[in-house]
Amino acid sequence: MPMRSLIFLAILSLLALSFPIAIASDPSPVQDFCVGVNTPADGVFVNGKFCKDPKLATVDDFFFTGLDRQRVATNAVGTNVTPVFADNLPGLNTLGIAFARVDYAPNGLIPPHTHPRASEFLIVQEGTLFAGFVSSDQDGNRLFSKILNKGDLIVFPVGLIHFHVNVGRGPAVAFTAFNSQNPGLITIAKTVFGSNPRINPNVLAKAFQLDPQIVISLQTKF
C-alpha cells in the first residue's frame, strides 16, 4: 500500500477515535452567552431554551443568591438539594456547567445514583461525609470510597454510580459542580423499583436473587 494511503488511514483512524471524545460534553457556545428564556419571542432555541436577545441581558441573569442559607433536610433520606441550573439561573444556558448545595441531617444520604451526562465535583463545606463511586462491570465493580471532612473534595466520573452520606454527629453541607448544564439524574433504587409501569417482580427477583414478595414490598415504597 502506498505511503500516502497509509498516512490517510492513520489520520482517519485518529479522527474516528477522537470523535466520541469531542461530543462527550456540552457543545461550546458560539457567542458570549445565551440567557435562557421560555418563550420564542426573544430568540432562537438552543440547548432546550430560547435565547434572550443578548442586548436585553442583565447581570441578574448571571446572579444567584442564598446558597449560604441552611436548608432543613426533611425528605425520606434526610437531605435537601438546592440546584443551580439553567432553569433558575438562566445565564448558565449553553455554558456547560451546573451547581447544587446539599444539606444533610445526621445520617442523611444521597442514595446511589448516576449522572449520564456529567462528571461531578463534591466539596464538603461543613461536617463529615462518607462518599464513593463504583466502577463499571468491565473494571470489576470496584468501590472507590473516602471519608471527607471540611474542605475535602472528591470527583465522581461521568456515568458511574456514586453516593454520599453524613457520618458526622451533626448536620453537614456540601457543594457540587457538574460539567453539563443538564447532567441528568438516575437514582438506582427509585428507577429499578419505582418505574412506571412497574418492572415485572419476577424479573427483579431473578436479577437481585430475592423472593418476588420482597420485590413487591420494595416496589410499594417508591
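Bear in mind that the values here come from a model prediction, so they are computed numbers and not experimental data. All heavy atoms count here, side chains included; hydrogens, waters and symmetry mates do not.
One distance of note links OG1 of T128 with CZ of F130; it measures 13.0 Å at 0.5 Å rounding. The OG1 atom of T74 sits 12.5 Å away from atom CZ of R71, with the distance rounded to the nearest 0.5 Å. To the nearest 0.5 Å, atom CD1 of residue I216 and atom CG of residue L210 are 12.0 Å apart. With values rounded to the nearest 0.5 angstrom, Q138 atom CD is found 11.0 Å from N141 atom CG. Put simply, CD on E126 and CG on N149 are 12.5 Å apart, with the number rounded to the nearest 0.5 Å. Of the inter-residue distances, the one linking N75 atom CG with N80 atom CG reads 7.0 Å to the nearest 0.5 angstrom.
By the 4.5 Å heavy-atom criterion applied to side chains, I214 and F208 are not counted as neighbours. Two residues are said to be in side-chain contact when any heavy atoms from C-beta on lie closer than 4.5 Å; V35 and N93 fail this criterion. Residues I147 and L129 are not in side-chain contact: their nearest non-hydrogen atoms beyond the backbone lie 4.5 Å or more apart. Using a 4.5 Å heavy-atom threshold, the side chains of F121 and T176 count as separate. Between N88 and F64, the closest side-chain pair of non-hydrogen atoms falls below 4.5 Å. Two residues are said to be in side-chain contact when any heavy atoms from C-beta on lie closer than 4.5 Å; P111 and I188 fail this criterion.
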**Message:** Show, in sequence, the C-alpha distance, side-chain angles and deciding distance for V77 and I110, and conclude whether the side-chain contact (heavy atoms from CB on, under 4.5 Å) test is met.
**Reply:** CA-CA 7 Å; V77 292; I110 295 293; 5.9 Å; no

**Request:** Check the pair L148, L122 against side-chain contact (heavy atoms from CB on, under 4.5 Å), reporting the backbone distance first and the verdict last.
**Result:** CA-CA 10 Å; L148 305 176; L122 176 89; 4.0 Å; yes

**Request:** Start with the C-alpha gap between V173 and V102, add the side-chain angles, then the distance that decides, and say whether side-chain contact (heavy atoms from CB on, under 4.5 Å) holds.
**Result:** CA-CA 6 Å; V173 178; V102 186; over 6 Å; no

**Request:** In sequence, state the C-alpha distance, the side-chain angles, and the governing distance for L185 and T187, and then conclude on side-chain contact (heavy atoms from CB on, under 4.5 Å).
**Result:** CA-CA 6 Å; L185 174 63; T187 304; 4.0 Å; yes

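The minimum heavy-atom distance linking P201 with P212 is given by the pair CB-O, 4.3 Å. Here the closest heavy-atom approach between residue I199 and residue S195 is recorded as N-OG, 3.3 Å. The two residues D211 and A205 have their closest heavy-atom pair at C-CB, 4.3 Å. For the pair L89 and D61, the tightest heavy-atom approach, listed with the atom from each and the gap, is CD1-O, 3.6 Å. Residues A118 and F178 come closest through the heavy atom pair CB-CB, 4.0 Å. N182 and R117 get closest at one heavy-atom pair: O-NE, 2.8 Å.
Only one option out of K221, Q219, Q213 pairs with S217 in a side chain to side chain contact (heavy atoms under 4.5 Å, CB included); it is K221.
Criterion: ILVMFWY side-chain heavy atoms under 4.5 Å apart, direct or through other members. Under it, L143 and L109 are part of a common hydrophobic cluster. Note: the hydrophobic cluster containing I154 also contains V81 (ILVMFWY, side chain heavy atoms under 4.5 Å, direct or indirect links). One hydrophobic cluster holds both V203 and F222 under the rule that ILVMFWY side chains link at heavy-atom gaps under 4.5 Å.
A ring-ring contact (aromatic ring centres under 6.0 Å, His included) check over residues 78-102, counting only residues at least two apart or in different chains, returns nothing.
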Would you be so kind as to tabulate the donor-acceptor pairs closer than 3.5 Å made by side chains of residues 155-172, with sequence neighbours excluded?
| from | atom 1 | to | atom 2 | distance (Å) |
| --- | --- | --- | --- | --- |
| H162 | ND1 | H113 | O | 3.4 |
| H162 | ND1 | L160 | O | 2.9 |
| H162 | NE2 | H113 | NE2 | 3.0 |
| H162 | NE2 | E120 | OE1 | 2.8 |
| H164 | ND1 | Y104 | OH | 2.7 |
| N166 | OD1 | G168 | N | 2.9 |
| N166 | ND2 | A105 | O | 3.0 |
| N166 | ND2 | G170 | O | 2.8 |

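At distances below 3.5 Å, not a single donor-acceptor pair connects side-chain atoms of R198 with backbone N or O atoms of N196. For the pair T79 (side chain) and G108 (backbone), a donor-acceptor distance under 3.5 Å is absent.
Ionic pairing of D103 and R101 is present here: one or more N-O contacts between side-chain nitrogen and carboxylate oxygen are shorter than 4.0 angstrom.
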